[in-house]
Structure formats: structure tokens, C-alpha cells
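This structure is a prediction, so every number in the text was calculated from the model and none was measured. A note on names: the letters A, B, ... follow the listed sequences, proteins ahead of strands, and every chain is numbered from 1.
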There are 2 protein chains.
Amino acid sequence: MEELDVFDLRLLAAIQAKGDMTQAELSEKVHLSPTQCARRLQRLRADGYVRDIVAILDPERLGINIIAHTLVGLRNHDDETGRAFRAFIDDADEVVECWSQTGDADYLLKIMVKDLGELASLIERLITAVGGFASLRSFVALKAIKRTTTVPIRA
Amino acid sequence: MEELDVFDLRLLAAIQAKGDMTQAELSEKVHLSPTQCARRLQRLRADGYVRDIVAILDPERLGINIIAHTLVGLRNHDDETGRAFRAFIDDADEVVECWSQTGDADYLLKIMVKDLGELASLIERLITAVGGFASLRSFVALKAIKRTTTVPIRA
DNA sequence: CCGTTCGCGCATGTTTCTTGCGAAAGGTTT
DNA sequence: AAACCTTTCGCAAGAAACATGCGCGAACGG
């Protein structure tokens, strides 16, 4: 649990870019013996530097054509509303990230869906879930929904 | 390059959650022989379903205490300004995501830094980079910078 | 100056992965 | 319906990658 030296940082950078390299490959990248790469990586994991190793899937290939970032402001900030909102977020697979934020909005959502129809449907369900009526839209439960469709420039 | 069946979807879901399982472990999860798991995974990769496998590091552990989402609006939309902006983004390690978006802002940046000082420094550099003067702030080169510090609720 | 400790690389036993092969299942043609 | 072709499957053996014990050398402290 000490300080990280150059090799550790190189290792972390390497696996952050490509997490399925063999010890031999890592060895070349960080200029350390394969054995030592494995041992250090093992230690870095044990010390909690590596949260986990995951596969990044291709959204397009899976029919995900829209990635939207949506700002959500709740009208009421009571416990019930908050809980309903969190519950909805946890349940909705389309919401891949949820950030609580300071500023004019309360939350920033990252949403991945197939098409605009799915996106609209999700928003309707969100409004209903936090206690509003979809027909009255944001005026009841949500102070504001600022929806923007985004396109990745840099991952 | 055909349709994905249940096993394929299960495999993708599995490696998306944990990308370093052995064939035997995968085998249990998807109810398919280890060999077949490997073969199908190989095919899914060849067909481009898996973009890559990466390690997710612990931001806190590495001294990253602030994750900010920042909306950036450029004053001028000419080629030069756009190029300068892109170049800056590519160069800045603190900017981990950059989304082009439709709406009132042009870009949404996801920024990871150690502290508020680093964040301020980054913004200053950004303003300078796109042709403005830091002292005049956003009035010269940037139409608007809406900065918000965010806290993760759901990853 | 010597002893301890720590990190290093080598070598070996073990696990895991890859690939060739025959069997079974599903679809198509006659 | 039978014969055929194609695809997918699991097994097994060879190949590759991984984990671990060991001795060596450097750094540090007494």
C-alpha cells in the first residue's frame, strides 16, 4: 500500500488501454520481467487500484443508435420523490450512468437506446415514475428535462 | 455475421460485467461447454461486437477527486476554432470523454481531475487554446462554459 | 562491515487455452 | 421420408500462459 513507482503507473496505463494482454506482452510495454508484471498487477489489484476488468461492446453493432445526455431537475426535493427517482434509474437498463450534480439541474443521465421512440418512451416512464402525469409533462413532477442527443468525439 | 442467439447475448452480458473470466467460469454462467464459449467469443470479437477489453481503475485510489461534466459553447463555428478545440481535447488527458451535441451547447466534456485547482487550470488552458484570452474569459472565444461538478450515483 | 530485507528473474509444475476430430442436430433436396 | 449437406457441439491432446519456490543481488540499517 505504498507509493506507486514508474512501473506501476505504466502497468495501470497499459491495462487501462488493453486489459487482456499476456504477461509477455505487458513485459515488453513496461520493461519488466513477465513474472514481475504479474506479481505487481496482483498487488495493485489487492490494493484496490483496479476496480474491475470489463468488455466494451460496440453500441452500433447491438442496435444502439442514440446516446443522449439528459439533465433532470426535480420539482420536489423531498425523500419520496428522490427515492422514486433512484428506484426508476436503477431499474431502467437504458440509463447507463447517473450523476448527481450541483447547479441548475439535479441529475445528469447518460442514456443509450435504439431509436428516438425508445428515448421518448423512457422519458414518459420517468415522469410517471416520479409521481407526475405524462400528459402534463414536466410541470408536475419534474422542474426541467433538458434532453440532448450526443455523438461521441472522443471515448 | 448472423443474428445473435441466447448464448451470444449471455456471453456478451457476462464479459461486459467481468471481462477476465476463464472459459470454465463462462461455461457455468451461460450453460455451454468451455470450448464453445471460447469459439463463440472468438467469433463475436471477429464480427466486431467487442470493441475492446479494458481495466476500470479506481479514480479515488489514484487521487482523482473531481469528476465534472462541462458544457461548452463555441462563439465561432468556423473551421479554425473547431480544429483548435479538437486538438486541445485530444491533447488534454483530463478530458476523458467529449460529446458533440445538438442544443444550446456544442460539446459536453467529462473531466477527471485531482482537485478544483486542476479543473480551473484546465478551463483556462481551454480558453487560451481556442483563441481567446483568459482574462476576458468566455466573452472572446467561448460563448458559454457551464461547469458542474458531478458525483456518481450509478456507474 | 555484516546482517536483514526487499525486489528481481529463472525454472518448474499447474492451469488454462487452442485446435483437430468425430458425433449429433437442423435444414434442404430429391 | 430418406439421403445429404451444413452447422454446431463436446471431447481430447498438444500448446500456451500462468503461479510459485528458489537463489541472487542491491539497498538499507545497525
Side-chain angles (χ1 to χ4, degrees), chain A residues 1-65 93 96 112 114 155, chain B residues 1-65 93 96 112 114 155:
Chain A
M1 209 84 115
E2 303 152 12
E3 204 60 32
L4 300 178
D5 68 358
V6 196
F7 295 108
D8 292 320
L9 292 175
R10 281 201 215 135
L11 277 170
L12 290 175
I15 63 170
Q16 192 174 28
K18 194 167 182 301
D20 57 349
M21 284 188 283
T22 64
Q23 297 177 357
E25 288 174 298
L26 276 174
S27 173
E28 285 187 29
K29 280 220 180 298
V30 304
H31 302 294
L32 202 63
S33 79
T35 303
Q36 211 53 19
C37 286
R39 269 202 258 260
R40 290 177 90 116
L41 223 42
Q42 202 171 317
R43 189 176 60 79
L44 289 170
R45 279 193 178 221
D47 290 353
Y49 288 99
V50 181
R51 181 167 299 177
D52 43 23
I53 292 185
V54 301
I56 306 296
L57 307 183
D58 189 325
E60 281 186 43
R61 212 79 186 71
L62 296 167
I64 303 294
N65 296 306
D93 290 338
V96 293
M112 299 179 83
K114 284 200 176 63
Chain B
M1 209 85 115
E2 303 152 12
E3 204 58 33
L4 299 177
D5 69 358
V6 195
F7 295 109
D8 292 320
L9 293 175
R10 279 201 217 134
L11 277 169
L12 290 175
I15 63 171
Q16 192 174 26
K18 191 166 184 304
D20 56 350
M21 284 188 283
T22 65
Q23 297 176 359
E25 287 175 299
L26 276 174
S27 172
E28 284 187 30
K29 280 219 178 302
V30 305
H31 302 292
L32 202 64
S33 79
T35 304
Q36 212 53 18
C37 286
R39 270 201 258 260
R40 291 176 91 114
L41 225 44
Q42 201 172 317
R43 188 175 62 78
L44 289 170
R45 279 193 177 220
D47 290 353
Y49 288 98
V50 181
R51 182 169 297 176
D52 42 25
I53 292 184
V54 301
I56 306 296
L57 307 183
D58 189 325
E60 281 185 44
R61 212 82 186 68
L62 297 167
I64 303 294
N65 295 306
D93 290 338
V96 292
M112 299 179 83
K114 285 200 174 64

Practice item. Answer with yes or no whether A:Arg39 presents, from its side chain, a donor or acceptor under 3.5 Å of a partner atom in the base of D:dG21. Key: yes
Point to revise | Side-chain donor/acceptor contact of A:Arg43 with base of C:dG7 under 3.5 Å | key: no
Practice item. Carefully, step by step, assess A:Leu4 and B:Arg61 under the rule side-chain contact (heavy atoms from CB on, under 4.5 Å). Key: CA-CA 11 Å; A:Leu4 300 178; B:Arg61 212 82 186 68; over 6 Å; no
Roughly how many Å is it from [atom1] in [X] to [atom2] in [N], rounded to a whole number?
{"X": "B:Arg45", "N": "C:dC17", "atom1": "CZ", "atom2": "P", "value": "12 Å"}
{"X": "B:Arg40", "N": "C:dC17", "atom1": "CZ", "atom2": "P", "value": "18 Å"}
{"X": "A:Asp5", "N": "C:dC6", "atom1": "CG", "atom2": "C1'", "value": "13 Å"}
{"X": "A:Leu41", "N": "D:dA19", "atom1": "CG", "atom2": "P", "value": "10 Å"}
{"X": "B:Gln36", "N": "C:dC17", "atom1": "CD", "atom2": "C1'", "value": "14 Å"}
{"X": "B:Gln42", "N": "C:dT16", "atom1": "CD", "atom2": "C1'", "value": "15 Å"}
{"X": "A:Asp20", "N": "C:dT18", "atom1": "CG", "atom2": "C1'", "value": "16 Å"}
{"X": "B:Phe7", "N": "C:dA25", "atom1": "CZ", "atom2": "C1'", "value": "13 Å"}

Check your understanding: Closer to the 5' end of DNA chain D via nearest nucleotide, is it B:Pro34 or A:Ala24?
Key -> B:Pro34
Check your understanding: So what does A:Gln23 hit on the nucleic acid, given a heavy-atom distance under 4.0 Å: a base, only sugar-phosphate, or nothing?
Key -> sugar-phosphate
Check your understanding: How is B:Thr22 classified with respect to the nucleic acid when contacts are heavy atoms under 4.0 Å: base, sugar-phosphate, or nothing?
Key -> sugar-phosphate
Check your understanding: Does A:Glu25 use its side chain to pair, donor to acceptor, with the backbone of A:Thr22 at less than 3.5 Å?
Key -> yes
Practice item. Look at the side chain of A:Arg10 and the backbone N and O of A:Val30, then say whether any donor-acceptor pair between them is shorter than 3.5 Å. Key: yes
Review point. More than 12 foreign heavy atoms under 6.0 Å from NZ of A:Lys18: is that the case here?
Key: yes
